[in-house]
Amino acid sequence: GNQKATHSENSQGKKSQHAEEAIFYMNCRAAYLTVFKSSLENIKSKEQLSLVLQQAGRNPSQKTINKYWTSQTTSLNFDDFCAILKKEKPATKNELLEAFGKIDTDKSGYVSHDELCKILTTRGDKMTWEEVATITKQADFNCSGKLDYNKFCELYLTTSEQCCKVARDRLEVDPRLRQQQFGNQTENSSEGITLPVSKPSPRISRKTDHKLAKGDSRAPSRPSSAQSGKASTSTTVTAGASSSRSTKLIIEPDTMKEWQCAQSKGCFYLEEDGEIISHKYRLHLPQRSAVCITIKPLNIPQAEGKSCHWLSVDTALFILKENETQENLQLVSFTELQSKEMFGWRGELGSGIYWLLPFTTGCRLRKVKTQIPGEAKLVWRDEDGELALTKEFRAALMDIFETIDLDGNGLLSLEEYNFFELRTSGEKCDQEAWAVCKENFEMKKNELTRQGFMDLNLMEANDRDGDPWDLWVTLLSLGYNKALEMTEACPFVIDICAERCKPRIKAISLEAGGSQLSRALCRSVVNKGEAKVLDGSENIIIHTHKSSSRITSVIENKSENKVIIHVNNEQSKNCLNNRGLTVFAVEVAPKSMMVSQHVMPLNEQEEWIYSCVHSLV
């Protein structure tokens, strides 16, 4: 009886989820078709992207637009648009009121027109005086030189919903629009829905290069039972518990004690939309040499009772050789040897410049909603009324310093500090500003000390008269939660040892992996993995590569048409994938390949079974 009740509840839950997904997808199409004649048309400019997002009830800033439309982007399609809407949630009334509440310090419910105009014309996406005037002249929410922001928020949300409703109504009454589908898919089965979910960032160029094109992830467009008549292939891999799995030792001290070594730290950071960014490195080898390269999570000693959440995160490095241009990088290899939490590669490298691209699957570094009992206190006032940093905040700052001190010399150079600044504020500190820091905070050899870093954060608290808002912005951007636990970041350390020369490693950027990492990842799976042709469709190949701790599958589409592949993991046991879905679908562009999924054991101490069916929709 209990089992039936549970099954019924699960069934109802799935139906409810499907209903929500159907509404979301309908809203996507309705908004898109208010701007374009067909969902097959592409977005060709930033202006079009902004307009179509507004039609979907979003109010994108220029920063948001630039996030999805970079110098490499030539166009975005309907699938991209759906994925963006998944990431960019519409503002809620509470969020709007909270934003106004920061201006309305006396909590009167009003903001003066002068203060509003000053903020809107000088901060963020700056508005003109005329644009602000159109807001302040509206009688519905203005009186006596003040804006009633409660009324303004209500009207804003009502207007936004009305726009979406008009678009939906237009879709319903126009049969021509209602029948349009995305991509090359035929009419949807009425029994199912189509849902775009997370996918590689639109930062990757839209130009099809017949090597790797972007993909989109979708929930099944029809029930899994309907997939059986389609071209499909299944893959099953059984892996033992980690305790019984033999590991290959990477570092052999006796044979490597005379080798010359270099080291650099770095960090994976989880973005709000689930994307992962990290440092990227350039490695210089003066001459040909045997080389050992390793990466592992950075173990920072924690106070009693606190654990390093990130130590279970998987890490890897892709090694690429730089040729004539930075864009033309050739995959050499990746770190597939494993010893506990360390991954490494050993081999011979010729002299020259190499790029090291860190990678994590996202199986274990992901957004997790946890209940935080209370917000940690960051500052306090002593008996004299002077501000001081709390013990807990100082400990977190020491860990942050340890993470951003990339060369591990106990000091922060301007370059190291600028990676910190770019991550927390989006801006860089120039030589002039660094000179000001030198005058006010402790430095050695033109590098910031730990104490100087502490004092800099204390100054920031004093600038806000003890308001910790800016300090929390810094902490949250570095992966900390309100309990001062680093849950959305994974610091790591890279070691390079060379037999015949002194290797040099330098962090070059802090950004998403992009197309270079995607190509390297797909190519490594194709080179090392097992290939299976989809039964009944010789142009679709599923490549599966199993390492000691994870399985990655890549879909290769050799055909001239875009295809949608349904992916079903329902028979897998004790598995965790990077998509967060048991059943989903991916869209693969013509003459391209893309990652279907990464899979790892949920519990490493137990056997895990990867059983996946890929089928053509």
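Predicted model only: the values in this text are computed from it and were never measured. Sequence positions, counted from 1, serve as the residue numbers for this chain.
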(message) Ignoring hydrogens, what is the shortest heavy-atom contact between A489 and G479? Give both atom names and the distance.
(response) CB-CA, 4.0 Å
(message) Between K367 and E272, does any side-chain N to carboxylate O distance fall below 4.0 Å?
(response) yes
(message) If I take atom CG from residue L329 and atom OG from residue S515, how far apart are they, to the nearest 0.5 angstrom?
(response) 9.5 Å
(request) Provide the closest heavy-atom pair for G410 versus D405 in the form atom of the first, atom of the second, distance. (result) N-OD2, 2.8 Å
(message) To check you understand the geometry: which heavy-atom pair defines the closest contact between I353 and R282, and what is its length?
(response) CG2-CG, 3.3 Å
(request) Look at the rings of H279 and F492 and say which category their plane angle falls in: under 30° parallel, 30 to 60° tilted, over 60° perpendicular. (result) perpendicular
(message) If you count heavy atoms of other groups shown closer than 6.0 angstrom to CD of E415, is the number above 12?
(response) no
(request) Take atom NZ of K44 as the centre, draw a 6.0 Å sphere, and report whether it contains more than 12 heavy atoms from other residues, nucleotides or ligands. (result) no
(request) Mind checking the CG-OG1 spacing from N94 to T92? Nearest 0.5 Å is all I need. (result) 5.0 Å
(request) Report yes or no: do T361 and D314 form a side-chain donor-acceptor pair below 3.5 Å? (result) yes
(message) Between S547 (side chain only) and R550 (backbone N and O only), is there a donor and an acceptor less than 3.5 Å apart?
(response) yes
(message) Please determine whether the number of non-hydrogen atoms from other residues, nucleotides or ligands lying under 6.0 Å from atom NZ of K502 exceeds 12.
(response) yes
(request) Grab the two heavy atoms, one from A388 and one from L458, that are nearest each other, plus how far apart they are. (result) CA-CD1, 4.0 Å
(message) Looking at E416 and S413, would you say the former's side chain and the latter's main chain have a donor-acceptor pair under 3.5 Å?
(response) yes
(request) Could you tell me whether the side chain of L147 reaches within less than 4.5 Å of the side chain of F100, counting heavy atoms only? (result) yes
(message) Can you confirm whether more than 12 heavy atoms, excluding those of K63, are under 6.0 Å from its NZ atom?
(response) no
(message) Just verifying a value: how many Å separate N481 CG and T487 OG1, rounded to the nearest 0.5 Å?
(response) 4.5 Å
(request) Could you tell me whether R500 and E348 have a side-chain N and a carboxylate O separated by less than 4.0 Å? (result) yes
(message) Nearest 0.5 Å, please: how far is OH in Y281 from CD1 in I496?
(response) 9.5 Å
(request) Applying side chain to side chain contact (heavy atoms under 4.5 Å, CB included) between W259 and each of C501, S289, C497, P503, report the one that passes. (result) C497
(request) Check the pair W345, T335 against side chain to side chain donor-acceptor pair (under 3.5 Å), reporting the backbone distance first and the verdict last. (result) CA-CA 5 Å; W345 177 83; T335 51; over 6 Å; no
(message) So which atom in T294 and which in L317 form the shortest heavy-atom distance, rounded to 0.1 Å?
(response) O-CD1, 4.2 Å
(request) Output yes when a side-chain donor or acceptor of E131 lies under 3.5 Å from a complementary backbone atom of T128, and no otherwise. (result) yes
(request) Run the numbers on F420 and I400 for side chain to side chain contact (heavy atoms under 4.5 Å, CB included), then give the verdict. (result) CA-CA 9 Å; F420 167 78; I400 290 169; 4.2 Å; yes
(message) Test side chain to side chain donor-acceptor pair (under 3.5 Å) on N299 and E341; report intermediate values, then the result.
(response) CA-CA 11 Å; N299 192 352; E341 74 277 5; over 6 Å; no
(request) For residues V379 and L471, determine if any side-chain heavy atom of one lies less than 4.5 Å from a side-chain heavy atom of the other. (result) yes
(message) With a 3.5 Å distance limit and no angle check, can you tell me whether R366 reaches the backbone of C363 through a side-chain donor-acceptor pair?
(response) yes
(request) Before accepting this row, confirm whether a basic side-chain N of the pair E402/K265 lies closer than 4.0 Å to the acidic partner's carboxylate O. (result) yes
(request) Could you tell me whether a side-chain N or O of H284 sits under 3.5 Å from a main-chain N or O of R504, the two making a donor and an acceptor? (result) no
(request) Verify side chain to side chain contact (heavy atoms under 4.5 Å, CB included) between N59 and Y156, making sure each step is shown before the conclusion. (result) CA-CA 11 Å; N59 186 27; Y156 169 84; 3.3 Å; yes
(request) Mind checking the OG1-CD spacing from T70 to E511? Nearest 0.5 Å is all I need. (result) 10.5 Å
(message) Measuring only between side-chain heavy atoms, which start at C-beta, is L414 closer than 4.5 Å to L448?
(response) no
(request) Would you indicate whether the side-chain heavy atoms of E88 and T64 approach each other to under 4.5 Å? (result) yes
(request) Please indicate whether K102 has more than 12 foreign heavy atoms, meaning atoms of other residues, nucleotides or ligands, lying under 6.0 Å from its NZ. (result) yes
(request) Could you tell me whether K280 atom NZ has more than 12 heavy atoms of other residues or ligands within 6.0 Å of it? (result) yes
(request) First locate atom CG of L53, then atom CD1 of I84, and finally report the distance between them rounded to the nearest 0.5 Å. (result) 6.0 Å
(message) Any donor-acceptor pair under 3.5 Å linking the side-chain atoms of W355 with those of E322?
(response) yes
(request) Would you mind reporting whether Y68 and K87 have side-chain heavy atoms less than 4.5 Å apart? (result) yes
(message) I need the single residue from K86, K67, K89 that forms a salt bridge (charged side-chain N to carboxylate O under 4.0 Å, His left out) with D273. Which is it?
(response) K67
(message) For S312, is there any backbone N or O sitting under 3.5 Å from a side-chain donor or acceptor partner on R364?
(response) yes
(request) Indicate whether any N or O donor in one side chain lies under 3.5 Å from an N or O acceptor in the other, for D407 and Q263. (result) no
(message) Any side-chain to backbone donor/acceptor pair from S524 onto L521? Under 3.5 Å, distance only.
(response) yes
(message) Among residues at least two apart in sequence or on other chains, which ones pass salt bridge (Lys or Arg N to Asp or Glu O under 4.0 Å) with E375?
(response) K482
(request) Could you please spell out the steps behind the side chain to side chain donor-acceptor pair (under 3.5 Å) verdict for H598 and T552? (result) CA-CA 4 Å; H598 304 287; T552 298; 2.9 Å; yes
(message) Assess whether a salt bridge exists between K377 and E392, defined as any Lys/Arg side-chain N lying under 4.0 Å from an Asp/Glu carboxylate O.
(response) no
(message) Any heavy-atom pair between the side chains of W310 and M486 that's under 4.5 Å?
(response) yes
(request) Evaluate side chain to side chain contact (heavy atoms under 4.5 Å, CB included) for L85 paired with R58, printing each intermediate quantity in order. (result) CA-CA 8 Å; L85 289 189; R58 307 319 191 252; 3.7 Å; yes
(request) Using only heavy-atom distances, determine whether the side chains of D104 and Y110 contain a donor-acceptor pair under 3.5 Å. (result) no
(request) Please report the C-alpha distance between F318 and L331 in whole Å, then the side-chain angles of each, then the deciding distance to 0.1 Å, and finally whether the side chain to side chain contact (heavy atoms under 4.5 Å, CB included) criterion is met. (result) CA-CA 8 Å; F318 285 85; L331 175 65; 4.1 Å; yes
(message) Is any side-chain heavy atom of F453 closer than 4.5 Å to one of T449?
(response) no
(message) I want to know whether W434 and Y417 have ring centres closer than 6.0 Å.
(response) yes
(message) Any non-hydrogen side-chain atom of F334 less than 4.5 Å from a side-chain atom of I319?
(response) no
(request) Quick one: closest heavy-atom pair of L365 and L270, and the distance? (result) O-CD1, 3.9 Å
(message) Tell me whether the count of non-hydrogen atoms from other residues, nucleotides or ligands lying under 6.0 Å of CZ in F419 goes above 12.
(response) yes
(request) May I ask you to say whether R394 pairs ionically with D455, meaning some side-chain N is under 4.0 Å from a carboxylate O? (result) no
(message) Checking side chain to side chain donor-acceptor pair (under 3.5 Å) between S425 and each of E427, R423, E421, K428, which is the one that passes?
(response) E421
